[in-house]
Amino acid sequence: MGIVKLLKKKIYEKNIQSKYSEYIVERKIDLDWSSINCNRIALINTAITRVIKLKNNCKYLEIGCDKNQTYDSIALNSKDKTGVDPAAGGNTRTTSDKFFEGNNNKFDVIFIDGLHEYFQCQKDIINSLSCLNPGGFILIHDMIPLDWRSEFIPRMQDTWNGDVWKTAYELSKSNNLEFSIVEADNGVGIIKNVLSNYEYSNLSNEIKDFKFKEFLDIYKSLPIIKADKGFDFILS
């Protein structure tokens with residue numbers, strides 16, 4: 001990072017700390033993602049393998065493709081993959097809201113990694129649930145921020161989870177679906193066994209203004225599983 005860019009970053013962070021001091025907490029979650037040999041790509045491809053074993057084909061949807069870091073590593077023919085991004089990557093250049101408005105297709109595995117903000121992620125999950133085939137999976141990235149900087153909105157650094165963890169809390173309270181968070185790769189949420197009478201628990205009135213310090217209070221109550229158990233969760 002250049003000196004000018006580094007100075008601007010430090011000034012920006014100082015201004016954030018001054019303006020939002022009540023949100024800042026120096027406690028961190030003691031995890032080292034680089035030491036956990038599991039990532040979202042492995043989990044997604046495991047879900048795809050599971051679906052293909054049961055029904056011989058799989059339709060995949062990815063929300064938020066960026067530079068195709070995930071999309072290009074999905075083990076399916078291009079005709080079976082839909083990647084939605086307004087700026088780059090994938091094969092469908094639009095926002096997720098507009099995509100879902102015009103979508104009439106169903107999918108077996110959906111990966112959500114779009115805008116890392118609570119309300120947008122909530123919409124993406126609800127819309128994904130409505131177009132998920134029976135027996136399908138929804139995976140959601142960035143559900144475990146490790147410190148206040150990676151959680152804070154607006155974005156202030158390269159590593160950014162945002163506050164999508166709030167949807168994890170809602171999913172843990174929802175009915176007629178199974179949900180776990182794999183402790184790997186910034187936290188990968190997995191939804192499965194979605195029944196036709198599922199109910200998404202919208203708790204926005206309660207949690208919309210929560211920040212990282214509230215996440216620290218909620219963190220241990222979430223259905224978090226170790227990386228190796230993530231594969232068991234998908235395959236069981």
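All residue numbers refer to positions in the sequence shown, counting from 1.
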What are the two closest non-hydrogen atoms of [X] and [Y], and how far apart are they?
| X | Y | answer |
| --- | --- | --- |
| Ile234 | Ala47 | CG2-CA, 3.6 Å |
| Gln69 | Asp66 | NE2-OD2, 2.9 Å |
| Thr82 | Phe107 | OG1-CE2, 3.9 Å |
| Ala88 | Cys65 | O-CB, 4.1 Å |
| Val164 | Cys121 | CG1-CB, 3.7 Å |
| Gly135 | Val51 | O-CG2, 4.3 Å |

Does any part of the side chain of [Y], heavy atoms only, come nearer than 4.5 Å to the side chain of [X], both counted from C-beta?
| X | Y | result |
| --- | --- | --- |
| Ile190 | Phe179 | no |
| Asn105 | Cys131 | no |
| Val188 | His141 | yes |
| Arg93 | Asp85 | yes |
| Phe111 | Ile74 | no |
| Asp124 | Ile110 | no |
| Leu61 | Val84 | yes |
| Phe137 | Arg50 | yes |

ask   = Does the side-chain contact (heavy atoms from CB on, under 4.5 Å) test come out yes or no for Phe100 and Thr94, once each step is laid out?
value = CA-CA 10 Å; Phe100 283 119; Thr94 188; over 6 Å; no
inquiry  = Does Asn161 form a side-chain hydrogen bond (donor to acceptor under 3.5 Å, both in side chains) with Asp142? I'd like the steps, not just the answer.
reply    = CA-CA 5 Å; Asn161 302 85; Asp142 291 296; 3.2 Å; yes
task = Would you sort out whether Ile225 and Asp232 count as a side-chain contact (heavy atoms from CB on, under 4.5 Å), showing the intermediate values?
result = CA-CA 10 Å; Ile225 57 179; Asp232 294 341; over 6 Å; no
Measuring from [X]:[atom1] to [Y]:[atom2], what's the distance to the nearest 0.5 Å?
| X | Y | atom1 | atom2 | value |
| --- | --- | --- | --- | --- |
| Phe215 | Tyr169 | CZ | OH | 12.5 Å |
| Leu139 | Asp185 | CG | CG | 11.0 Å |
| Ile181 | Phe233 | CD1 | CZ | 10.5 Å |
| Asp80 | Cys58 | CG | SG | 7.5 Å |
| Glu117 | Asp163 | CD | CG | 7.0 Å |
| Asn193 | Tyr198 | CG | OH | 14.5 Å |

Determine whether [X] and [Y] fall in the same hydrophobic cluster, where Ile, Leu, Val, Met, Phe, Trp and Tyr are linked whenever their side-chain heavy atoms lie under 4.5 Å apart.
| X | Y | answer |
| --- | --- | --- |
| Met143 | Leu222 | yes |
| Ile36 | Ile41 | no |
| Ile218 | Ile125 | yes |
| Ile48 | Leu132 | no |
| Leu203 | Ile126 | yes |

Look at the side chain of [X] and the backbone N and O of [Y], then say whether any donor-acceptor pair between them is shorter than 3.5 Å.
| X | Y | value |
| --- | --- | --- |
| Asn202 | Ser204 | yes |
| Ser174 | Ser201 | yes |
| Asn127 | Lys123 | yes |
| Arg155 | Asp158 | yes |
| Asn45 | Ala75 | yes |
| Asp108 | Lys59 | yes |
| Lys211 | Trp148 | no |
| Asn176 | Asn197 | yes |

Lys229, NZ: over 12 other non-hydrogen atoms inside 6.0 angstrom = no
key: Verdict with reasoning, Ser236 to Lys192, per side-chain hydrogen bond (donor to acceptor under 3.5 Å, both in side chains)   = CA-CA 10 Å; Ser236 62; Lys192 71 170 189 176; 3.0 Å; yes
Candidates Asn186, Asn39, Thr159 - the one meeting side-chain contact (heavy atoms from CB on, under 4.5 Å) with Trp33 = Asn186
message = Would Asp97 and Thr95 count as a side-chain hydrogen bond (donor to acceptor under 3.5 Å, both in side chains) here? Give the steps.
response = CA-CA 5 Å; Asp97 288 347; Thr95 65; 5.4 Å; no
task = State which residue, out of Glu170, Glu151, His116, fulfils the side-chain hydrogen bond (donor to acceptor under 3.5 Å, both in side chains) condition with Trp165.
result = Glu151
query = Looking only at side chains, do Asp147 and Ser150 share a donor and an acceptor under 3.5 Å apart?
reply = yes
inquiry  = Can you see whether Tyr118 has Lys208 sitting over its ring - NZ or CZ less than 6.0 Å from the centre and within 45° of the normal?
reply    = no
message = Using a 6.0 Å distance limit plus a 45 degree cone around the ring axis, check whether Lys166 lies over the aromatic ring of Phe210.
response = no
message = If the condition is side-chain contact (heavy atoms from CB on, under 4.5 Å), which residues does Asn57 pass it with, not counting sequence neighbours?
response = Lys55
